[in-house]
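These values consider heavy atoms only, across backbone and side chains, with no hydrogens, waters or symmetry-generated copies. Sequence lines set the chain letters: A, B, ... in the order given, protein chains first and strands last, and positions in each chain run from 1.
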Amino acid sequence: MNSYTDDFSILDFQRDLVDWYKMNQRDLPWRADQDPYKVWVSEIMLQQTRVDTVIPYFNRFLSLFPTLGALAEADEEKVLKAWEGLGYYSRVRNLQTAVKEVAEQYGGKVPDTPEEISKLKGVGPYTAGAILSIAYGVPEPAVDGNVMRVLSRILLIEEDIGKAKTRTLFEKAVRELISKEDPSSFNQAMMELGALICTPKSPACLICPVHEHCRAFDQGRQRELPVKEKKTKVRHVDMAALILRRADGKYLIHKRPKEGLLANLWEFPNVPVRKRGQSEIEDLTVFLDAEWGITAEIGDHISNLEHVFSHLKWDIQLFEGQCTTETGEKDDLKWVTFEEMEAFPFPVSHQKIIKLAKEVAVL
DNA sequence: AAGGCGTGGGG
DNA sequence: TCCCCAAGCCT
């Protein structure tokens with residue numbers, strides 16, 4: 001009693017939704033078959049990432065690592081390189097960790113129960129439900145942002161979808177609504193509807209296949225939903241970065257720590273600076289010596305550049321410099337040519353620096 | 001529970 | 001330009 005689905009025509013809704021999906025679904029590379037490994041890769045890539053962005057990455061990734069076993073055995077550096085530019089890099093490191101576990105613990109077969117699959121690194125409630133329903137036909141909810149938006153409108157649910165707890169409420173509703181005959185189509189249809197019709201800004205209610213089931217549409221309130229409180233501004237960080245060249249024409253690059261922002265990706269030497277416009281050169285000089293025992297002559301200021309992340313913004317002052325001592329290499333510190341650089345995974349922020357470094361090198 | 005964690009596209 | 005967003009997960 002007092003359930004969100006009271007007086008709701010579940011079977012009619014399922015039929016209208018799934019029929020529409022079967023007629024109108026997009027032809028996407030991960031829909032070619034139901035290989036659990038491919039479904040898994042696609043779901044990880046699609047987290048917080050648009051379909052159009054994912055498509056070329058998915059095709060390239062699957063050609064490089066065609067099977068679960070291939071990914072399990074691959075070098076992490078190569079895997080990160082394949083992910084370069086996609087963002088949220090811990091996704092792919094977690095994926096490889098989990099794939100190795102499946103190879104070892106489950107004989108290479110992706111587990112098909114909620115209990116087992118949810119233990120895998122990087123497989124949360126959404127991804128678990130998506131793989132189980134799409135690859136194995138298990139009637140588990142797969143509640144993502146689309147599903148919360150669509151359902152908040154259809155069932156007129158006004159809980160804040162930004163709160164962690166709210167997702168479980170939607171999962172409860174989906175357990176009542178989901179088609180037991182075709183949970184794969186049902187879950188994908190909910191997301192497809194969210195992507196194509198029931199969009200955030202201006203939902204196309206007049207052509208929506210389920211508008212006669214939609215309480216928000218009935219009351220003309222679809223634009224008020226879902227409820228989501230807005231987030232605060234991003235923090236700004238002032239940085240100084242350095243294009244450091246050695247006599248043999250090679251450049252210094254550094255591998256970032258294995259945890260935190262841009263973990264295990266490569267970068268140019270850089271330091272946060274406190275007083276902007278004052279001591280960047282001094283900061284860089286001290287940093288190089290203290291961190292790696294490298295002495296250098298910092299030269300011209302090349303340019304300023306900025307890079308925006310989801311939660312912070314880097315304002316980077318870029319300098320060039322000459323190394324004045326012989327230095328060795330470590331696992332996380334290398335001197336490389338531009339050509340050699342191409343094998344290393346860089347975040348987009350440092351791809352911008354590489355581009356500028358090449359321009360400077362021509363002069 | 002709330003904040004860390006990327007990037008590029010669109011209104 | 002600015003802000004929100006796009007198939008979330010981890011701590």
**Asked** dA1(B), dT11(C), dG8(C): which one has an atom nearest the side-chain heavy atoms of Lys165(A)?
**Response** dA1(B)
**Asked** Counting side-chain heavy atoms from C-beta on, which of dC9(C), dG8(C), dC5(C) comes nearest to Gln48(A)?
**Response** dG8(C)
**Asked** Under 30°, 30 to 60°, or over 60°: which ring-plane class applies to Phe268(A) and His350(A), parallel, tilted or perpendicular?
**Response** parallel
**Asked** Is it the case that more than 12 heavy atoms not belonging to Lys78(A) sit under 6.0 Å from its NZ atom?
**Response** no
**Selection from dA6(C), dT7(B), dC5(C) that lies nearest to any side-chain heavy atom of Pro200(A)** = dA6(C)
**Item:** Nucleotide nearest Lys163(A) when distance is taken to its side chain, options dC10(C), dA1(B), dA2(B)
**Value:** dA2(B)
**Request:** For Thr127(A), report the nucleic acid contact type (base, sugar-phosphate, nothing); a contact means any heavy atom under 4.0 Å.
**Result:** sugar-phosphate
**Item:** Greater than 12 external heavy atoms within 6.0 Å of Lys180(A)'s NZ
**Value:** yes
**Asked** Counting any heavy atom closer than 4.0 Å, what does Trp314(A) reach on the DNA or RNA strands: base, sugar-phosphate only, or nothing?
**Response** nothing
**Message:** Does Arg60(A) qualify as a cation-pi partner of Tyr57(A), given the criterion of NZ or CZ under 6.0 Å from the six-membered ring centre and within 45 degrees of its axis?
**Reply:** yes
**Asked** In terms of the angle between their ring planes, are Phe8(A) and His213(A) parallel, tilted or perpendicular, with boundaries placed at 30° and 60°?
**Response** tilted
**Message:** Looking at Glu340(A) and Lys250(A), is any side-chain nitrogen of the basic one under 4.0 Å from a carboxylate oxygen of the acidic one?
**Reply:** yes
**Message:** So, does Arg149(A) get its side chain near the phosphate of dC5(C), meaning an N or O under 4.0 Å from OP1 or OP2?
**Reply:** no
Dump every N/O contact between nucleotides 3-5 of chain B and the protein below 3.5 Å, one line per pair.
| from | atom 1 | to | atom 2 | distance (Å) |
| --- | --- | --- | --- | --- |
| dC5(B) | OP1 | Leu261(A) | N | 3.1 |
| dC5(B) | OP2 | His311(A) | NE2 | 2.7 |

Between N or O atoms, less than 3.5 Å apart, protein on one side and nucleotides 8-11 of chain B on the other: list the pairs.
| from | atom 1 | to | atom 2 | distance (Å) |
| --- | --- | --- | --- | --- |
| dG8(B) | N2 | Arg50(A) | NH1 | 2.7 |

Which atom pairs link the protein and nucleotides 1-3 of chain C when you take only N or O atoms and keep those under 3.5 Å?
none

**Prompt:** Of the non-hydrogen atoms in Asn187(A) and Glu140(A), which two are nearest, and what is the gap between them?
**Reply:** ND2-O, 2.9 Å
**Prompt:** Expressed as a whole number of Å, how far does the C1' atom of dG6(B) sit from that of dC5(C)?
**Reply:** 13 Å
